[in-house]
Every structure is written in structure tokens, then in C-alpha cells.
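First up is the structure itself, then whatever we jot down about it.
Keep in mind that this is a model prediction, so the values were computed, not measured.
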Amino acid sequence: MGMRPKKPGHSATSQGKRRAAPKRRRSAHATGRKTAALRRELRDALQQQAATAEVLQIISSSPGDLQQAFAKMLDHAARICDAKYGNVFRLEGDTLHLVASHNTPAALVEARRRVKLNPKLPFGRMVATKAAVHVADIKAEEGYTVQRDPRLVMPVEIGGARTVLVVPMLKDGEVIGAFSLYRQEVRPFAERQIALLTSFAAQAVVAAENTRLLNALRQRTEELSRSIAELQRERSNKLMNLEAMAASIGHEVRQPLASIASNGSAARRFLSHTPPNLTEARLALERMINDAHRASQVFDNIRALFGKTDRSYGPIDLSALIRGVLQALDGELKEHGIATETALGGALPPVMGHRGQLQEVFVNLVRNAIEAMDGSRAGRRTLRLRTEREADDSIVVAVEDSGPGIDPGRADDIFDAFITTKPHGMGLGLAICRMIVQRHEGRLSAAPASPTGSIFRVALPAALV
């Protein structure tokens with residue numbers, strides 16, 4: 001029996017090759033799909049890594065700037081997770097407060113600034129479970145379809161939201177805020193995207209804690225700085241008080257002691273006359289006694305000013321006090337050729353204060369005026385004093401001289417301790433005057449007079465009747 005000739009193309013080898021070809025094509029196609037998937041995963045991982053690195057860089061380089069950190073997190077999360085918009089909330093009690101948003105419609109931002117929690121809605125469930133809540137379709141939620149809760153209706157109708165992802169910000173196991181992302185179509189988020197947003201929420205907690213610690217550190221530093229400054233001021237004040245007390249004694253007692261010496265010499269001259277001028281000698285001795293009392297009063301005033309004893313405040317008629325000061329300094333005014341003009345109101349209410357201290361203020365101001373006019377050789381030497389009531393019910397005493405005036409460059413510091421414009425001055429007079437006036441809750445100021453000279457104004461609160 002003869003063998004049949006083989007048909008071309010039907011050998012066993014060629015058939016095997018035809019069966020193997022589709023397998024190779026399927027295998028190559030599967031490999032291509034796997035490669036593409038791996039490339040996408042690698043690309044997504046690199047994107048997430050880059051985004052995380054940038055956020056961490058922002059947190060470390062800009063501590064305390066939560067707004068910038070949250071904004072960058074939302075920007076990366078929305079882009080990598082392919083979301084339309086997103087928000088960050090801070091939880092206080094049962095209310096969420098919007099602190100940052102990305103691409104969220106303005107109307108929805110206004111509507112979501114404060115959101116009261118409902119345990120049945122996504123945010124409420126997230127707080128209750130302390131875990132991410134993923135809603136594939138908001139329109140399928142009972143709160144939207146049946147209850148028509150505005151907290152679900154507004155994101156859908158204003159923001160076009162359909163799929164939402166909410167993840168908690170957890171600190172010590174407690175919810176302190178939330179991140180949320182929205183898509184405008186029904187398309188659930190992938191597990192890696194949920195993991196990314198959860199990671200950003202954890203980083204947000206780190207940023208918030210850094211900010212809290214930084215603010216606490218700044219506040220404590222400011223408190224310490226203020227405490228140190230207060231201690232330094234207190235120390236400086238104590239030193240100034242000691243120096244001022246010692247110098248003020250010499251400054252204030254010098255005048256009555258000089259007057260005692262002058263009147264003693266005068267009394268001796270009057271007694272040496274033939275016959276002795278007993279009347280003038282008696283007057284000189286009386287002035288010596290008055291000056292001795294005035295020197296004693298200076299010590300009492302200084303002790304009351306720098307000490308912690310009873311201030312002995314009482315009602316004082318400033319117009320009467322000024323008349324007494326002018327009477328006490330009448331000899332000095334005449335000796336320096338100074339005319340006096342007064343406008344002292346008689347119907348002004350009294351002020352509450354220490355009579356001796358306020359008297360020293362006006363004695364000092366009048367003597368400063370006398371010394372200022374001694375340096376002026378032109379024109380008539382005139383000292384003007386007036387009292388008046390201002391709109392705020394304070395009583396003002398103005399002491400005006402016709403001297404050369406205050407150097408404008410020194411106007412801001414003439415009341416500082418140990419600052420003086422006099423060749424042999426100690427710079428304590430005006431500093432102590434200001435201290436006394438301020439302790440009486442008043443104001444001491446200086447201004448130029450017209451056409452020349454200076455005006456010192458003492459404003460003290462009127463006593464309550």
C-alpha cells in the first residue's frame with residue numbers, strides 16, 4: 001500500500017508553530033500591561049514621595065505657617081488623587097471650622113465655614129469612628145435623598161460633588177480636624193489615594209503641633225522678656241530713686257539754707273547799727289525761722305516721695321497754693337528784677353494731693369523760670385502764672401517765662417533724670433517734678449511761649465465733690 005503524499009504547509013512542525021504564536025502574543029501583551037501598571041505605580045509613588053517631601057520641607061522651613069502648609073497639602077492631594085476640590089477643617093467641640101480650601105467654589109466656602117456635626121453624615125461618622133469615611137455617591141446617602149440635610153445638599157448642588165473622601169486628623173487618638181476631597185462624578189478613590197490623604201492628615205497634625213509649641217515658646221519668651229525688662233526697670237528706678245533722693249536733698253535744701261545764712265547776716269548787721277534796728281532784725285530772724293521750717297518740710301516731702309509712708313493727701317486749692325509759692329519766693333523775684341502777672345481763678349474746684357510735694361513742684365518751676373530769664377538780657381523779665389479748668393475737668397496751672405525758651409532738640413528729654421540744660425545743674429528738678437505730678441495722676445508738659453520763653457503746664461484731676 002503506497003503512502004499518501006503530504007500536503008504542503010500541514011507538517012507537524014508548522015502546526016506547532018501556529019499554536020505557539022498566539023501564546024507568545026498573549027504573553028507579550030500581558031507583560032506589557034504589567035510593565036505599564038508598574039510604571040504607573042512607580043510614577044504615582046514618585047509623585048507622592050515628591051509631594052510629601054515638599055510638604056515636609058514647608059513644615060520645617062516655615063514653622064507656624066499652617067495656612068501655607070495646608071494649602072500645599074490640598075494642592076498635591078487634589079492633583080495626585082484626581083479630585084476637583086478639597087478642604088481642611090479644625091474640630092472644636094461638635095463643630096468643624098474651615099481653615100483651608102483648594103479650588104472650592106466660593107459660595108460653598110462661605111456655607112462650610114462652620115459645620116455642626118451630625119453622627120449620621122460622613123463627617124460625623126468620621127469623628128465617631130476616628131477613621132476615614134469614603135462615600136462613593138453622595139446622592140445615594142439617606143441624608144441627601146430623604147432628609148435633604150443642607151450639609152449634604154450644598155456640596156452636591158453648589159459644588160457638584162458626588163464622591164467624597166474624609167480622613168481624620170488624629171492627635172493622641174483624638175480627632176482634632178479633618179481633610180476632605182471631592183470628585184464631581186461617581187468614581188471611588190483608590191486605596192493608595194486614601195493612604196496618601198491619611199498621610200497628609202498626619203503631617204498636618206505634626207504641623208499644627210509644631211505651631212502650637214512654637215507659639216507657646218514665643219509667648220513664654222515674650223513673658224520672660226517682659227519680666228526681665230520689668231526687673232531692669234525696677235532696678236533702674238530704685239537706683240534712680242536712691243541717687244535722686246541724695247541729690248534732691250542737696251538741691252532742695254540749698255535754697256532755704258542759703259536764705260537762712262543771708263537773713264542771719266542781715267540780722268547781725270541790723271543789730272550792729274547804732275541804735276540797733278530791732279524791727280528789721282526781728283523780721284530777718286522770722287525769715288530764718290520760716291526758712292528752717294521750709295528746709296524741714298523739704299525733708300518731709302522727699303521722704304514722702306521716695307518712701308512708702310502715708311501720702312497724707314487732702315483737698316488743695318491750687319490758686320491759693322500758687323499765691324503762697326509767690327509770697328515765699330517774693331524776695332528772689334525782686335532780686336532778679338522779675339515782674340509777676342497772675343490770673344488765678346477763685347472758683348476752681350480743689351485737687352487731691354500732697355500739699356508739700358505739689359508746693360515743691362511749683363517752687364521748682366518758678367525757680368527754673370527765674371534762672372531761664374537770668375540768661376535773657378533783652379526785654380522785660382515777666383513771670384506769668386494762671387490757673388484754669390479744662391474740658392476734661394482737670395485743673396491746669398501754667399507757668400510762663402520770657403526767657404530764651406527751650407532748645408527744640410532737647411524738648412523730648414528735659415524731664416528725664418540727670419538731664420539738664422544748666423551749666424551747674426543736676427538734672428533732677430524737672431524729673432522729680434514729673435514724678436510727683438504723675439503720682440498725683442496728672443501731666444507735666446512744656447511748650448514754647450510767644451514771642452519768646454517757655455510755658456510749663458501742670459494738669460491735675462479735680463477732686464470729686
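Nearest heavy atom pair, residue Met373 against residue Gly403, reads CG-N, 3.7 Å. Residues Val175 and Leu91 share a closest heavy-atom pair of O-CD2, 3.4 Å. Here the closest non-hydrogen pair linking Leu430 and Leu444 is O-CD2, 4.3 Å. The two atoms that bring Ala201 and Met169 nearest to each other are O-CG, 3.9 Å, heavy atoms only. Here the closest heavy-atom approach between residue Pro168 and residue Met126 is recorded as CB-SD, 3.3 Å.
Judged purely by distance below 3.5 Å, without hydrogens or angles, the side chains of Ser227 and Glu223 never pair a donor atom with an acceptor atom. At a cut-off of 3.5 Å, with distance as the only test, no side-chain donor of Ser445 or Arg443 sits close to an acceptor on the other residue.
In this structure Leu344 satisfies the side chain to side chain contact (heavy atoms under 4.5 Å, CB included) test together with Ser319, Ile322, Arg323, Thr342, Thr387, sequence neighbours excluded.
Considering only heavy atoms from C-beta on, Asn368 stays 4.5 Å or farther from Ile370 through its side chain. Between Leu170 and Val205, every side-chain heavy-atom pair lies at or beyond the 4.5 Å cut-off. Proximity of Arg112 to Ser101: side-chain heavy atoms (C-beta onward) are nowhere separated by under 4.5 Å. Residues Leu348 and Asp317 are not in side-chain contact: their nearest non-hydrogen atoms beyond the backbone lie 4.5 Å or more apart. Taking 4.5 Å as the limit, some side-chain heavy atom of Phe362 sits within range of a side-chain heavy atom of Val458. Annotation: side chain of Ser259 is not in contact with side chain of Arg287 (no heavy-atom distance under 4.5 Å). Looking only at side-chain heavy atoms (C-beta outward), Leu358 and Leu321 come within less than 4.5 Å of each other. Proximity of Val164 to Leu181: side-chain heavy atoms (C-beta onward) are nowhere separated by under 4.5 Å.
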Between Leu460 and Val396, is the side chain to side chain contact (heavy atoms under 4.5 Å, CB included) condition met? List the steps.
CA-CA 6 Å; Leu460 297 167; Val396 175; over 6 Å; no
Apply the test side chain to side chain contact (heavy atoms under 4.5 Å, CB included) to residues Ile455 and Val399: give CA-CA distance (whole Å), side-chain angles for both, the deciding distance (0.1 Å), then the verdict.
CA-CA 6 Å; Ile455 302 176; Val399 181; over 6 Å; no
Determine whether Ile194 and Thr198 satisfy the following criterion, side chain to side chain contact (heavy atoms under 4.5 Å, CB included), listing intermediate values before the conclusion.
CA-CA 6 Å; Ile194 298 175; Thr198 302; 4.2 Å; yes
Between Gln203 and Met73, does the side chain to side chain contact (heavy atoms under 4.5 Å, CB included) criterion hold? Intermediate values first, please.
CA-CA 9 Å; Gln203 292 167 17; Met73 289 179 191; 3.9 Å; yes
Working note: Glu360 + Arg367, criterion salt bridge (Lys or Arg N to Asp or Glu O under 4.0 Å); need CA distance, chi angles, decisive distance, verdict.
CA-CA 10 Å; Glu360 287 301 317; Arg367 282 182 173 151; 5.8 Å; no
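One distance of note links CD of Gln193 with CD1 of Ile80; it measures 9.5 Å at 0.5 Å rounding. Atom CZ of Phe179 and atom CG of Asn87 lie 10.5 Å apart (nearest 0.5 Å). Taken from CZ in Arg226 to OG1 in Thr221, the straight-line distance is 10.5 Å, to the nearest 0.5 Å.
With a 6.0 Å radius and a threshold of 12 heavy atoms from other residues, nucleotides or ligands, Glu441 has its CD atom at or below the threshold.
A salt bridge links Lys334 to Asp330: at least one charged side-chain nitrogen sits closer than 4.0 Å to a carboxylate oxygen. Ion pairing between a basic and an acidic side chain is recognised when a charged N comes within 4.0 Å of a carboxylate O; Arg457 and Glu400 show no such pairing. Residues Glu92 and Arg90 are paired through a salt bridge, judged by an N-O separation under 4.0 Å between the basic side chain and the carboxylate. Taking 4.0 Å as the cut-off between side-chain N and carboxylate O, Arg381 and Asp401 do not count as a salt-bridged pair. A salt bridge does not link Glu174 to Lys171: none of the charged side-chain nitrogens sits closer than 4.0 Å to a carboxylate oxygen. Of the charged side-chain nitrogens involved, none lies within less than 4.0 Å of a carboxylate oxygen, so that Glu341 and Arg386 do not count as a salt-bridged pair.
Ring-plane geometry between His354 and Tyr313 is classed as perpendicular, the angle between the planes exceeding 60 degrees on a 0 to 90 degree scale with a lower cut at 30.
The backbone N or O of Leu165 lies less than 3.5 Å from no partner atom in the side chain of Ser180, so there is not a single donor-acceptor pair. Listed for the Asn103 side chain is a donor-acceptor partner under 3.5 Å among the backbone atoms of Lys84.
For Phe123 and Phe89, the gap between ring centers is short of 6.0 Å. Taking the ring centroids of Phe70 and His102, they lie at or beyond the 6.0 Å cut-off.
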Which pairs would a plain distance check flag for residues 273-285, meaning a side-chain donor or acceptor within less than 3.5 Å of a matching protein atom at least two apart in sequence or in another chain?
{"from": "His273", "atom 1": "NE2", "to": "Arg269", "atom 2": "O", "distance (Å)": "3.4"}
{"from": "Asn277", "atom 1": "OD1", "to": "Glu280", "atom 2": "N", "distance (Å)": "3.2"}

